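As a basis for the values below, the full set of heavy atoms in this structure was taken, side chains included, without hydrogen atoms, waters or symmetry mates. Since the model is a prediction, treat every value here as computed from it, not as a measurement. In this chain, residues are counted from 1 in sequence order.
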Amino acid sequence: MKLNKSPLFVSGLPRSGSTLMCQLLGMHPEIYSTGHSSPLAASLKKIRSGFSEDHFMMAQLDVDFDLGYQRIHNAMIGFINGWQAETDKPWVADKNRGWLADLDLLKTLVPDFKMLVCVRQPDQILGSIESRHKKTALIDFPDNMANMTPYQRADKLFADQGVVGGPLQLIQAMQDQDQKTQSQLFYVVFEDLMSRPVEVMQNIYQWLGLDNLIFDANQLPVKAHESDSYYRFKYPHKTHKQIAPPKAHQVPLRILKEVKDKYAWFYQTFYPGML
């Protein structure tokens with residue numbers, strides 16, 4: 001069984017432009033993009049877990065592994081096809097930060113997968129989160145960080161399993177992937193997307209093998225945003241009619257130094273000369 005359409009996976013760091021990216025992708029006539037975070041990644045992992053815990057499935061694999069394994073593969077492909085069935089467009093954008101951890105799954109199900117990985121200066125991600133918290137200080141974070149100091153919040157956010165630190169660890173691991181896999185990843189630098197959106201999108205269209213699309217960055221179609229109550233309004237997902245680069249966030253020097261020291265590899269890879 002094969003996929004009926006080409007999924008375009010959108011992932012990356014939080015507060016790094018994935019919502020804007022999906023908004024821009026949806027303007028292309030060959031790309032379907034709702035802009036919402038998708039449950040597809042989590043659903044496929046639940047399917048895998050369900051089969052792995054099923055005694056009847058394991059018994060079938062004992063008898064005829066190849067047949068049973070092919071059935072699992074067909075079931076997952078069928079699920080993806082069903083999930084994308086509402087559009088006739090050849091490409092379907094699927095946004096979820098969870099895709100960063102699923103390269104092995106994608107390589108098996110979608111050998112020629114394409115993934116856009118949105119990145120941003122880690123200190124500015126922190127600044128964006130702190131700025132949003134100041135506007136919503138009467139509401140706690142999903143992981144109860146409101147009563148912490150900015151330093152404590154940064155420490156938790158940038159922990160190896162933190163909201164920012166977890167994806168950073170996965171992006172670092174991506175640098176060890178083979179050459180073919182690397183060619184299937186397109187890193188979208190937030191600052192470039194905000195300052196040169198048409199040029200960045202042209203590069204993405206070319207990478208996907210699609211016709212170019214010229215658009216006006218000051219006249220964008222606005223999409224319905226996600227339910228931000230899920231994120232306690234700390235990580236908004238609104239779209240806007242025009243692209244306006246945000247002002248640089250001021251981060252305390254002590255925190256800035258620790259972030260840059262811990263993630264020196266990231267700055268060297270995506271922001272050479274900033275250390």
Side-chain angles (χ1 to χ4, degrees), residues 9-25 33-42 93-102 115-136 139-146 148 150-174 185-194 223 225-240 243 245-249 251 255-256 258-260 262-263 265-267 269-271:
F9 303 102
V10 181
S11 194
L13 298 171
R15 313 301 302 142
S16 297
S18 61
T19 298
L20 171 61
M21 173 53 58
C22 287
Q23 180 185 11
L24 297 178
L25 289 172
S33 175
T34 65
H36 300 299
S37 293
S38 166
L40 181 59
D94 194 277
K95 182 182 75 166
N96 194 299
R97 287 203 301 274
W99 289 123
L100 290 177
D102 293 328
M115 183 186 295
L116 296 170
V117 183
C118 298
V119 298
R120 184 180 184 180
Q121 295 178 46
D123 57 282
Q124 290 302 297
I125 295 175
L126 175 63
S128 175
I129 295 172
E130 283 294 318
S131 175
R132 184 61 187 173
H133 174 53
K134 290 178 182 177
K135 298 175 183 178
T136 57
I139 303 173
D140 202 353
F141 285 83
D143 40 2
N144 308 117
M145 295 190 296
M148 294 181 177
Y151 184 90
Q152 290 172 324
R153 271 195 297 273
D155 193 48
K156 186 169 183 177
L157 286 166
F158 285 98
D160 288 348
Q161 301 301 320
V163 172
V164 186
L168 279 167
Q169 293 289 324
L170 293 170
I171 290 174
Q172 185 176 28
M174 282 180 165
L185 304 170
F186 189 108
Y187 294 95
V188 183
V189 177
F190 175 82
E191 291 77 9
D192 292 342
L193 181 64
M194 299 301 292
K223 291 180 174 287
H225 66 86
E226 294 185 45
S227 176
D228 287 336
S229 60
Y230 174 79
Y231 305 96
R232 305 283 182 89
F233 304 96
K234 302 296 185 178
Y235 307 92
H237 295 83
K238 292 183 179 179
T239 57
H240 305 277
I243 297 175
K247 295 181 180 179
H249 297 285
V251 177
I255 299 176
L256 178 62
E258 291 197 18
V259 170
K260 285 191 172 183
K262 183 173 183 178
Y263 298 105
W265 67 267
F266 183 88
Y267 286 92
T269 302
F270 299 105
Y271 300 93

State, yes or no, whether a side-chain contact exists between I255 and L126 at a heavy-atom distance under 4.5 Å.
yes
Any side-chain to backbone donor/acceptor pair from D123 onto V259? Under 3.5 Å, distance only.
no
Taking everything shown except K262 itself, do over 12 heavy atoms lie less than 6.0 Å from its NZ?
yes
So, the side chain of Q23 versus the backbone of S33: is there a donor-acceptor pair under 3.5 Å, distance only?
no
So, do L13 and V117 sit near enough that their side-chain heavy atoms are less than 4.5 Å apart?
no
Does the pair L116 and L25 meet the rule for a side chain to side chain contact (heavy atoms under 4.5 Å, CB included), with working shown?
CA-CA 11 Å; L116 296 170; L25 289 172; 3.8 Å; yes
Working to the nearest 0.5 angstrom, can you tell me the gap between F186 CZ and C118 SG?
10.0 Å
Just wondering, do W99 and L40 contact through their side chains at under 4.5 Å, heavy atoms?
yes
If you look only at distance, which donor and acceptor atoms sit under 3.5 Å apart when one is on a side chain in residues 159-173 and the other is two or more places apart or in another chain?
residue	atom	partner	partner atom	Å
D160	OD1	Q169	NE2	3.1

Taking A146's backbone N and O only, do any of them form a donor-acceptor pair with D140's side chain (distance below 3.5 Å, no angle check)?
yes
Just by distance, do the side chain of S131 and the backbone of S128 share a donor-acceptor pair under 3.5 Å?
no
Student check: side-chain heavy atoms of K234 and H133 closer than 4.5 Å
yes
Side-chain donor or acceptor of S38 paired with backbone N/O of D94 under 3.5 Å:
no
Residues two or more places apart in sequence or in another chain: which of them pass salt bridge (charged side-chain N to carboxylate O under 4.0 Å, His left out) with R97?
none
Backbone N or O of F158 within a donor-acceptor pair of the Y263 side chain at under 3.5 Å?
yes
For E191, give me all partners under side-chain contact (heavy atoms from CB on, under 4.5 Å), at least two apart in sequence or on another chain.
R120, Q121, V189, Y271
Can you tell if the side chain of V10 reaches within under 4.5 Å of the side chain of S18, non-hydrogen atoms only?
yes
Side-chain contact, heavy-atom cut-off 4.5 Å: Y187 with M174?
yes
Under the criterion side chain to side chain contact (heavy atoms under 4.5 Å, CB included), I'd like the reasoning laid out for T239 against L20: C-alpha separation, chi angles, the key distance, then a yes or no.
CA-CA 7 Å; T239 57; L20 171 61; over 6 Å; no
Check for a donor-acceptor pair, side chain of R15 on one end and backbone N or O of I129 on the other, with a separation under 3.5 Å.
no
Under 3.5 Å, is there a donor-acceptor pair between the side chain of K156 and the main chain of D143?
yes
Is a side-chain N or O of T136 found less than 3.5 angstrom from the main chain of R132, in a donor-acceptor match?
yes
In Å and rounded to the nearest 0.5 Å, what is the CD to NE2 distance from Q124 to H249?
6.0 Å
State whether the side chain of K95 and the backbone N or O of G35 hold a donor-acceptor pair below 3.5 Å, judged by distance alone.
yes
Before giving the answer on ring pair (Phe, Tyr, Trp, His ring centres under 6.0 Å), spell out for Y231 and F141 the whole-Å C-alpha distance, their side-chain angles and the decisive distance to 0.1 Å.
CA-CA 7 Å; Y231 305 96; F141 285 83; over 10 Å; no
Can you tell me how far CD of E130 sits from CG of L157, rounded to the nearest 0.5 angstrom?
7.5 Å
Do we get K260 above Y267's six-membered ring, with its NZ or CZ under 6.0 Å from the centre and within 45° of the axis?
yes
After noting the C-alpha distance and the side-chain angles of S11 and N96, does the key distance pass the side chain to side chain contact (heavy atoms under 4.5 Å, CB included) rule?
CA-CA 5 Å; S11 194; N96 194 299; over 6 Å; no
